[in-house]
Amino acid sequence: MIRVFLAVLAMFFLPFFAYAAFKFVKDRGDVQDGFLDGAPVNWLLVIGTILAVGTLAKLVSTDILEYEAQQRAPAENTGAQTPGRSP
């Protein structure tokens with residue numbers, strides 16, 4: 001469960017980190033007060049939310065598919081290969 005939480009959290013903050021890295025490279029490493037004052041926070045929130053929801057959906061669907069693949073029908077577990085009474 002913690003893996004899912006950390007993956008979703010990382011995907012939410014990824015646009016913010018990417019924008020900060022872009023701004024850092026653009027300013028050639030010159031960090032001043034108000035480094036991210038002009039950041040498009042609304043767009044970063046929207047993109048982060050889309051990434052987080054998409055990651056959550058992907059991880060949950062993958063976990064469900066793995067769980068269903070582990071489940072076997074009772075006939076497969078008992079070893080009976082043919083229908084009907086066993087000898």
Novice: Looking only at non-hydrogen atoms, find the nearest pair between I47 and P15 and report the distance.
Specialist: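 Closest heavy-atom pair between I47 and P15: CG2-CG, 3.7 Å.
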Novice: Given the rule that I, L, V, M, F, W and Y join up when any side-chain heavy atoms are under 4.5 Å apart, are Y19 and F12 in one cluster?
Specialist: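 Yes, because Y19 and F12 connect within a single hydrophobic cluster, where side-chain heavy atoms sit under 4.5 Å apart.
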Novice: Is it possible for you to say whether L9 and L44 belong to one hydrophobic cluster, with membership spreading through side-chain heavy-atom contacts below 4.5 Å?
Specialist: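 Yes, same cluster.
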Novice: Filter on salt bridge (charged side-chain N to carboxylate O under 4.0 Å, His left out), then keep only pairs touching residues 35-45, sequence neighbours left out; what's left?
Specialist: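 Every pair satisfying salt bridge (charged side-chain N to carboxylate O under 4.0 Å, His left out) with a residue in residues 35-45: there are none.
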Novice: Flag yes if L6 and F16 sit in one hydrophobic cluster, no otherwise; membership is Ile, Leu, Val, Met, Phe, Trp, Tyr, and two members link when side-chain heavy atoms are under 4.5 Å apart.
Specialist: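 Yes.
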Novice: Using the side-chain contact (heavy atoms from CB on, under 4.5 Å) criterion, which residues pair with A7? Sequence neighbours excluded.
Specialist: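 For A7, the residues satisfying side-chain contact (heavy atoms from CB on, under 4.5 Å) (neighbours in sequence not counted) are T55, L59.
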Novice: Would you please name every residue forming a side-chain contact (heavy atoms from CB on, under 4.5 Å) with F17, sequence neighbours left out?
Specialist: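 F17: side-chain contact (heavy atoms from CB on, under 4.5 Å) contacts with F13.
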